[in-house]
Amino acid sequence: MRMTRLFGRTLREAPSDAEFASHQLLLRGGFVDQLAAGVYSYLPLGSRVKRRAEQIVREEMDRAGAEEVLLPAIHPVELWERTGRDQAFGETLFVVEDRRSRRLVLAPTHEEVITRLFAGHARSYRDLPVTLYQIQTKFRDEARPRGGLVRVREFTMKDAYSFDLDEGGLDESYDAMYRAYQRIFDRVGIPTVAAEADSGAIGGKGSQEFLFLTRIGEDTVLLCDCGYAANAEKAEFVRQPSGDEVPRPLEEVETPGVTTIEGLAAFLGVEAERTAKAVFFTATWADGREQPLFAVLRGELQVNEVKLANAVADDGSPPRLRPMTDAEVADAGLVAGYASPIGVGRGVRVVADLSIPGSPNLVAGANREGIHLRNVNFGRDWEAEVADIALAEPGHLCARCAGAGTEGRALRSEHGIELGHVFRLGRVFTESLRVSVLDEQGTQRVPTMGCYGIGVDRLVAAAVEAHHDEHGIIWPATLAPYDVHLVALGASRDAAVAEEADALFEELRVAGLDVLYDDRDESPGVKFADADLLGLPVRLTVSSRNRREGVVELRVRAGAESERIARDAVVARTAELHAAETGALNGAQASARL
RNA sequence: CGGGGAGUGGCGCAGCCUGGCAGCGCACCUGACUGGGGGUCAGGAGGUCGCAGGUUCAAAUCCUGUCUCCCCGACCA
């Protein structure tokens, strides 16, 4: 491609709306253009990068045995009502009306449609297992798009769905996708961590996220040196006992005006972990039923609402939680600031965190204004269902490596961008949409599903986030919009330079390389600055000076030095470099992760 | 949805407080010079100052409303 013909131009200054390096560089380089909040156009350069990313994803899906399909992006809303996910997605769902006032969903994901498609074409175990995928535009009316391409409202996703007869089959399908994901992230040169995750609105049981760790990431992941990695919503940790003494008699203590754990600990001169914290929520289930929830944790811990919702889930479907209103608190017979797990009224569901049973003699509320209780003991003074409902925080001990002789190492916390997510979905959709196939015995069986997503736009953004310097992007060879940046200096003054650059352009292309040829009549500074900004892996410079010496200058974008290569060796050398770089990425083992 | 910030040529900004000619840098066009890290000079084109209403002889500027974008939070496969 000749740059004189390339649509799009570079900017010296980034638009002030862009905060992240990836966003700024993609805008400055003319890769993308913003149309509205979370809505972007891809210019020719950006489009090529995206296409290369998609192709890598496609190749790995095919290699893993998945078959490509293409599903509609607009769905009758009734299909979403059948699974209840019109409610689950809520306002995130884009809904439009057609001319006959029928409501249609702009698809945010495709479990419903793929399940229906499967149901219509699969009849027996002979049709299984099968994994179908597509690369397609998704629509989600995010409450707050942000960070350039990191959270957008219209985006390209590779989504795959597996169907198996039993758990063993699902495990195999899931593992195949998991390995394909590792290969994909290796090939695009983005280091990722696979973290255990909550399944969210998609439902199902068991999922892992592939995260690119970066300060700008929206997700928080907890990591342990033992290899454990989990999303903050999911991370498990060890509760260390806060005391081992025998239960002492319950006693009241006056605590006027002390309504917070910090205040209580300070007032009584005890550690926060010697107190019990009460948090109240109103749970709303899919059928509209509401129930007051009373969560009890040791004072130093925070409630993890996702865990809490899962702990009280009904049939695998967790309620939505919201803090109780003051009126609801009063209705439940609770005294805010002094709520006590002892003597909670009927109708209020009490859930105690794992930390509670191992913590004797806690200070808790008395459910009377200005009074707390000392020496509250779980089991003696009160009972409740016990579950893991606390948020893991840095410094907490890893639950995975605890027990095996050690007490567990301290977790650390990092931010990350979720690039991919693999779910063991189970039978949520096949059951709600009444799908079954015949097994070998001729009996109806409900297939079990997995679903697997990759955000292609995020892949592009993460690649830039992972690979750039103060001058611009440093594309991994497998994603670069072109392989070679050919710069001709002073071609307008020296016809021989133009001639040599034109010839080289042609020879490189014949050698199978994609070349971006800077044939503009610009000063060397402008051309080099643009080459650095655009970030192609290899830059070749043809000039009068080089030509006189019979050389072409070669510079690897990721490196510091440039080499002078004999004119007749430069094509071979460039092709060799390109092959080495792409080969290294494409053949990379799943190593550099974590 | 709550809180904060911002809308002035394609990009970055000044002008607004104190109403009175729409400006600067970059980018763009023409010409000349220059020629290895965003070069110089000369001449140009391009803006209903987000939108609507109001105040005023006069509004980018003051007032009211509204829309959009960005950031923090809530939410989020």
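Residue numbering restarts at 1 for every chain, and letters A, B, ... go by the order of the sequence lines. Computed over heavy atoms, backbone and side chain alike; hydrogens, waters and symmetry mates excluded.
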*Asks:* If pairing requires Watson-Crick or G-U wobble contacts with both distances under 3.5 Å, which nucleotide is the partner of G37(B)?
*Replies:* none
*Asks:* Roughly how many Å apart are C49(B) and A14(B), using the C1' atom of each and rounding to a whole number?
*Replies:* 13 Å
*Asks:* Picking from A27(B), A74(B), G37(B), which would you name as closest to the side chain of Arg9(A)?
*Replies:* A27(B)
*Asks:* What is the pairing partner of C21(B), taking Watson-Crick or G-U wobble pairs with both distances under 3.5 Å in any strand?
*Replies:* none
*Asks:* Is a donor from one side chain sitting under 3.5 angstrom from an acceptor on the other, for Ser22(A) and Gln24(A)?
*Replies:* no
*Asks:* Side chains of Gln134(A) and Asp159(A): do they bring a donor and an acceptor to under 3.5 Å?
*Replies:* yes
*Asks:* Measure from CG on Asp494(A) to C1' on U34(B) and round the result to the nearest Å.
*Replies:* 15 Å
*Asks:* Quiz question: by atom type and distance under 3.5 Å, do the side chains of Thr541(A) and Glu553(A) form a donor-acceptor pair?
*Replies:* no
*Asks:* Are the side chain of Arg567(A) and the backbone of Arg547(A) linked by a donor-acceptor contact shorter than 3.5 Å?
*Replies:* no
*Asks:* Mind listing the residues from residues 517-532 of chain A sitting with a heavy atom below 4.0 Å of RNA chain B? Number order is fine.
*Replies:* Asp521(A), Glu522(A), Pro524(A), Gly525(A), Val526(A), Phe528(A), Ala529(A), Asp530(A), Asp532(A)
*Asks:* To the nearest Å, how far apart are Asp219(A) CG and C75(B) C1'?
*Replies:* 13 Å
*Asks:* In whole angstrom, give the distance that lies between atom CE of Met177(A) and atom C1' of A77(B).
*Replies:* 17 Å
*Asks:* What is the distance, to the nearest angstrom, from the CG atom on Leu27(A) to the P atom on C69(B)?
*Replies:* 15 Å
*Asks:* Have a look at Arg539(A) and say if it touches a base, only the backbone sugar-phosphate, or nothing, with a 4.0 Å heavy-atom cut-off.
*Replies:* base
*Asks:* Between Thr83(A) and Glu112(A), is any side-chain donor less than 3.5 angstrom from a side-chain acceptor?
*Replies:* yes
*Asks:* Check whether any side-chain N or O of Arg144(A) sits under 4.0 Å from OP1 or OP2 of C71(B), and answer yes or no.
*Replies:* yes
*Asks:* Name the atoms and distances for all side-chain donor-acceptor pairs under 3.5 Å in residues 40-47 of chain A, with sequence neighbours left out.
*Replies:*
from     : atom 1 : to        : atom 2 : distance (Å)
Tyr40(A) : OH     : His23(A)  : NE2    : 2.9
Tyr42(A) : OH     : Asp457(A) : OD2    : 2.6

*Asks:* Side-chain donor-acceptor pair under 3.5 Å between Lys50(A) and Thr156(A), yes or no?
*Replies:* yes
*Asks:* With rounding to whole Å, what would you report as the distance between A32(B) and C71(B) at their C1' atoms?
*Replies:* 48 Å
*Asks:* With a 3.5 angstrom cut-off on both distances, give the Watson-Crick or G-U wobble partner of C28(B), or none if there isn't one.
*Replies:* G44(B)
*Asks:* Could you write nucleotides 9-14 of chain B as a row of B, S and -, 5' to 3', where a protein heavy atom under 4.0 Å of any base atom gives B, of only sugar-phosphate atoms gives S, and otherwise -?
*Replies:* --SSS-
*Asks:* Residues of residues 28-39 of chain A with any non-hydrogen atom less than 4.0 angstrom from an atom of RNA chain B: list those, numerically ordered, please.
*Replies:* Arg28(A), Gln34(A), Ala36(A), Ala37(A)
*Asks:* Just name whichever nucleotide pairs with A6(B), Watson-Crick or G-U, keeping both distances under 3.5 Å, else none.
*Replies:* U68(B)
*Asks:* Using a 6.0 Å cut-off, check whether atom CD of Glu68(A) has over 12 heavy atoms from anything other than its own residue.
*Replies:* yes
*Asks:* Using a cut-off of strictly less than 4.0 Å, decide whether Arg12(A) has a side-chain nitrogen or oxygen near OP1 or OP2 of A27(B).
*Replies:* yes
*Asks:* Taking the C1' atom of each, how far is G7(B) from C51(B), in whole Å?
*Replies:* 11 Å
*Asks:* U68(B) and C16(B): how far apart are their P atoms, nearest whole angstrom?
*Replies:* 29 Å
*Asks:* Choose from A74(B), G36(B), A77(B) the nucleotide whose nearest atom is closest to any side-chain atom of Arg146(A).
*Replies:* A74(B)
*Asks:* If you draw the axis of the six-membered ring of Phe155(A), does the NZ or CZ of Arg140(A) fall within 45° of it and under 6.0 Å from the ring centre?
*Replies:* no
*Asks:* Could you let me know what C1(B) is paired to, Watson-Crick or G-U wobble, both distances under 3.5 Å, or none if it's on its own?
*Replies:* G73(B)
*Asks:* Ignoring hydrogens and angles, state whether a donor on the side chain of Glu465(A) or His468(A) is under 3.5 Å from an acceptor on the partner side chain.
*Replies:* no
*Asks:* Please test Phe423(A) against Tyr161(A) for ring pair (Phe, Tyr, Trp, His ring centres under 6.0 Å), starting from the C-alpha separation and ending with a verdict.
*Replies:* CA-CA 9 Å; Phe423(A) 292 83; Tyr161(A) 307 89; over 10 Å; no
*Asks:* Donor-acceptor pair, Lys527(A) side chain versus Asp518(A) backbone, under 3.5 Å?
*Replies:* yes
*Asks:* Both distances below 3.5 Å, Watson-Crick or wobble geometry, any strand: find the nucleotide opposite U56(B).
*Replies:* none
*Asks:* Do the side-chain N and O atoms of Asp164(A) and Tyr174(A) include a donor-acceptor pair separated by under 3.5 angstrom?
*Replies:* no
*Asks:* Arg547(A) has an atom CZ; how far is it from atom P of G36(B), in whole Å?
*Replies:* 16 Å
*Asks:* Taking for each residue the nucleotide of RNA chain B with the nearest heavy atom, is it Gly453(A) or Asn546(A) whose nucleotide lies nearer the 5' end?
*Replies:* Asn546(A)
*Asks:* Give one of base, sugar-phosphate or nothing for Phe20(A), where a contact means two heavy atoms less than 4.0 Å apart.
*Replies:* nothing
*Asks:* Only counting residues at least two apart or in another chain, list the ones meeting side-chain contact (heavy atoms from CB on, under 4.5 Å) with Lys277(A).
*Replies:* Ile261(A), Val279(A), Gln302(A)
*Asks:* What I want to check is whether the side chains of Asp494(A) and Ser544(A) have a donor and an acceptor closer together than 3.5 Å.
*Replies:* yes
*Asks:* C1' atom, C21(B) versus G47(B): distance in rounded Å?
*Replies:* 15 Å
*Asks:* To the nearest Å, give me how far apart CZ (Phe429(A)) and C1' (A77(B)) are.
*Replies:* 11 Å
*Asks:* Quick one about His467(A) and Trp475(A) (side-chain donor to acceptor, distance below 3.5 Å, no hydrogens or angles considered), yes or no?
*Replies:* no
*Asks:* For a quick check of understanding: with a heavy-atom distance under 4.0 Å over all strands, which category does Glu209(A) fall into, base, sugar-phosphate or nothing?
*Replies:* nothing
*Asks:* Rounded to whole Å, how long is the line connecting atom CG of Asp457(A) with atom P of A77(B)?
*Replies:* 18 Å
*Asks:* Select from Ala18(A) and Glu91(A) the residue whose nearest nucleotide in RNA chain B is closer to the 5' end of that strand.
*Replies:* Glu91(A)
*Asks:* Going by heavy atoms closer than 4.0 Å, what residues in residues 496-505 of chain A are next to RNA chain B?
*Replies:* none
*Asks:* Please report the distance separating the C1' of C62(B) from the corresponding atom of G20(B), rounded so that it comes out in whole Å.
*Replies:* 14 Å
*Asks:* For C70(B) and C57(B), measure between their P atoms and round to the nearest Å.
*Replies:* 41 Å
*Asks:* Would you mind reading off the distance between Leu486(A) atom CG and G36(B) atom P, rounded to a whole angstrom?
*Replies:* 18 Å
*Asks:* I'd like to know if Arg151(A) reaches the base of C76(B) with its side chain, counting only an N/O donor and acceptor under 3.5 Å.
*Replies:* yes
*Asks:* Taking the C1' atom of each, how far is C26(B) from U40(B), in whole Å?
*Replies:* 16 Å
*Asks:* Side chains of His415(A) and Thr214(A): is there a donor and an acceptor less than 3.5 Å apart?
*Replies:* no
